[in-house]
2 protein chains.
Amino acid sequence: MTFETEFTAPNMQQHPPGTSIRVLVVDDHPPMRVGLVALIRSQPGMDVVAEASDGERAIELYDELRPDIVLMDLRMPGIGGVEAIQVIRKKHPDARIIVLSTYDLDEDIHRAMQSGARSYLLKDMSIEEIASTIRGVFAGGAVLPPSVADRLNERAEREQLTERERDVLESLIKGRSNKEIASSLCISEDTVKSHLKTLFSKLHVRDRTGAAVEAIRHGIVHIK
Amino acid sequence: MTFETEFTAPNMQQHPPGTSIRVLVVDDHPPMRVGLVALIRSQPGMDVVAEASDGERAIELYDELRPDIVLMDLRMPGIGGVEAIQVIRKKHPDARIIVLSTYDLDEDIHRAMQSGARSYLLKDMSIEEIASTIRGVFAGGAVLPPSVADRLNERAEREQLTERERDVLESLIKGRSNKEIASSLCISEDTVKSHLKTLFSKLHVRDRTGAAVEAIRHGIVHIK
DNA sequence: GTGCCTCTCACCCGTTCGGGGGAAAATCGC
DNA sequence: GCGATTTTCCCCCGAACGGGTGAGAGGCAC
């Protein structure tokens, strides 16, 4: 699986005169919402039709308004961005959703893209990049800025964890010993150690502490 | 050390007609800067005199413009917010700086306040809270919204780590064994174990993995 | 079927880790 | 100077951990 890098130039798509790209903005930070709305309204041929501060409201507003583009933050209270994307795309497979995240947590990028997001932007990008990505996605493509495509591919090249390995990892981060992980997952301690061995080699670490740090660093497991 | 909660009502301070509260906005995320600027400009008696996207530029601009208020993000590339606050306050002890952070990482709150920030805001706060805090700090007080004061006090009640303990903790998070930590800090392995014992009890964990997770969770040590 | 992967479990063995003590310097505030 | 804190080091010891190796059961693909 490789992500393409067809980054579009600004204004590549001329929309019909009189109509605008209708955007739904979803972010839990009020000043960020103000910024995104101002940014979009300042662009010719673009308008904000609604704002939401969580995933649940975003789903409602999508159903109601059918915007052309959704600009979706990932980490939000309640229903997060990834889940909201899944719900929206299930009902509306043609929904065009662009993920906008603070972190370059590769695991979240991956989950969002697999859930059907068309593009992924980081908040440290310029307003030009953001605007041109909206135009590009509206024009129909899965538009990714080069830097993001690189990160996605880097993530894709990383070794995948199995479901069970993830379970062990989560349990480990809760501070449990091998014995406790075993009983919480209803398997033997030897099996836990077996999973840990493959886990260490996949994450390129040599002990549980390294595994915990690496998992948190890459957003494989969320704490907080 | 206890932080007071004298949260001010909006518009508590009437500034002289004709003059405005001159604000410097510092944040590395372009859309967030747009939002903060729009938010401030929309408030009567407030204006943005400049924007910066990193600590270094913020320091330059403060020297040049002497704004009434600095709205400062903490996590930025290059010189971070805490260091920028320290530099500015050293030259200008009367500088009024408000920290604006995405995370409620208690350790960063604490460092920023100890470096001389007058108040601390989180990005999930409303534009009303942000505006009224700017007015309050301009009026002269150290204004903290109640929720933030709570978090600060919670942090203050937590047990303090000594410098050496912090060194050991950082080294631990780099994935080092006790022996490696010892040689990297030029002390004996027994000393490392001794520090770890007190570290575990202060952080209320029982092993190095728990210590690593807890340190990252509370922002005591930054990864990434 | 044959292969591949995942999940499960087992045994051995050396190392590391963490808890329990104790204690001597150095630093700092009062 | 005196007490508190910090930093340094030491000992003992059992439990936990991690590496090596092997292997059976189940699922899926070709």
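Naming: A, B, ... by sequence-line order, numbering from 1 per chain. As the structure is a computational prediction, the values presented were derived from the model and not from experiment.
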*Asks:* List for me each residue that meets side-chain contact (heavy atoms from CB on, under 4.5 Å) alongside A50(A), sequence neighbours excluded, and say none if there are none.
*Replies:*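 By the side-chain contact (heavy atoms from CB on, under 4.5 Å) rule, A50(A) matches L24(A), L61(A), L65(A).
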*Asks:* Under 4.0 Å, heavy atom to any atom of DNA chain D: which of residues 176-194 of chain A qualify?
*Replies:*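 Residues of residues 176-194 of chain A that come under 4.0 Å of DNA chain D are, in numerical order, S177(A), N178(A), K179(A), K193(A).
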*Asks:* Residues two or more places apart in sequence or in another chain: which of them pass side chain to side chain donor-acceptor pair (under 3.5 Å) with H92(B)?
*Replies:*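 In terms of side chain to side chain donor-acceptor pair (under 3.5 Å), with neighbours along the sequence ignored, H92(B) is linked to D63(B).
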*Asks:* Could you tell me whether the phosphate oxygens of dT7(D), OP1 or OP2, come under 4.0 Å of any side-chain nitrogen or oxygen in H195(B)?
*Replies:*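 Result: no.
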*Asks:* So what is the end-to-end bend of the helix from dG1(C)-dC30(D) to dC30(C)-dG1(D), with 5 pairs used at each end and the value given to 10 degrees?
*Replies:*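 The end axes of the helix from dG1(C)-dC30(D) to dC30(C)-dG1(D) are about 60° apart, to the nearest 10°.
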*Asks:* For R164(B) and dT8(D), what is the distance between atoms CZ and C1' respectively, to the nearest whole Å?
*Replies:*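 It works out to 9 Å between those atoms.
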*Asks:* With sequence neighbours excluded, what pairs up with Q86(B) under the side-chain contact (heavy atoms from CB on, under 4.5 Å) test?
*Replies:*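 side-chain contact (heavy atoms from CB on, under 4.5 Å) check on Q86(B) returns V82(B), E83(B), S115(B).
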*Asks:* How many Å lie between NZ on K197(B) and P on dT8(D), as a whole number?
*Replies:*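 To the nearest whole Å, that distance equals 15 Å.
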*Asks:* Can you name the side chain to side chain donor-acceptor pair (under 3.5 Å) partners of R66(A), sequence neighbours left out?
*Replies:*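 Here no residue qualifies.
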*Asks:* Whole-Å distance between dC17(C) P and L199(B) CG?
*Replies:*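 Distance check: L199(B) CG to dC17(C) P gives 14 Å.
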*Asks:* Rounded to the nearest Å, what distance is computed from the CG atom of residue L161(A) to the P atom of nucleotide dC5(C)?
*Replies:*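 Those two atoms, CG and P, are 16 Å apart.
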*Asks:* With S194(B), which residues qualify under side-chain contact (heavy atoms from CB on, under 4.5 Å), at least two apart?
*Replies:*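 Partners of S194(B) by the side-chain contact (heavy atoms from CB on, under 4.5 Å) criterion come out as none, since no residue qualifies.
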*Asks:* Taking side-chain contact (heavy atoms from CB on, under 4.5 Å) as the definition, give me every residue that meets it alongside A131(B), ordered by chain and number, with sequence neighbours left out.
*Replies:*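 Once residues adjacent in sequence are excluded, the partners of A131(B) under the side-chain contact (heavy atoms from CB on, under 4.5 Å) criterion are Q43(B), M46(B).
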*Asks:* Using salt bridge (charged side-chain N to carboxylate O under 4.0 Å, His left out) as the criterion, list what pairs up with R89(B), not counting sequence neighbours.
*Replies:*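 By the salt bridge (charged side-chain N to carboxylate O under 4.0 Å, His left out) rule, R89(B) matches no residue at all.
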*Asks:* E189(A): what forms a side chain to side chain donor-acceptor pair (under 3.5 Å) with it, not counting sequence neighbours?
*Replies:*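 E189(A) satisfies side chain to side chain donor-acceptor pair (under 3.5 Å) with no other residue.
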*Asks:* Given 3.5 Å as the limit, does a donor-acceptor pair link the side chain of T133(B) with the main chain of E129(B), or not?
*Replies:*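 Such a contact is found between T133(B) side chain and E129(B) backbone.
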*Asks:* Take nucleotides 25-30 of chain D nucleotide by nucleotide from the 5' end and write B, S or -, depending on whether a protein heavy atom sits under 4.0 Å from the base, only from the sugar-phosphate, or from neither.
*Replies:* ------
*Asks:* Under 4.0 Å from any atom of DNA chain C, heavy atoms only: list the residues of residues 200-208 of chain B that qualify, in numerical order.
*Replies:*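 By residue number: F200(B), R206(B), D207(B), R208(B).
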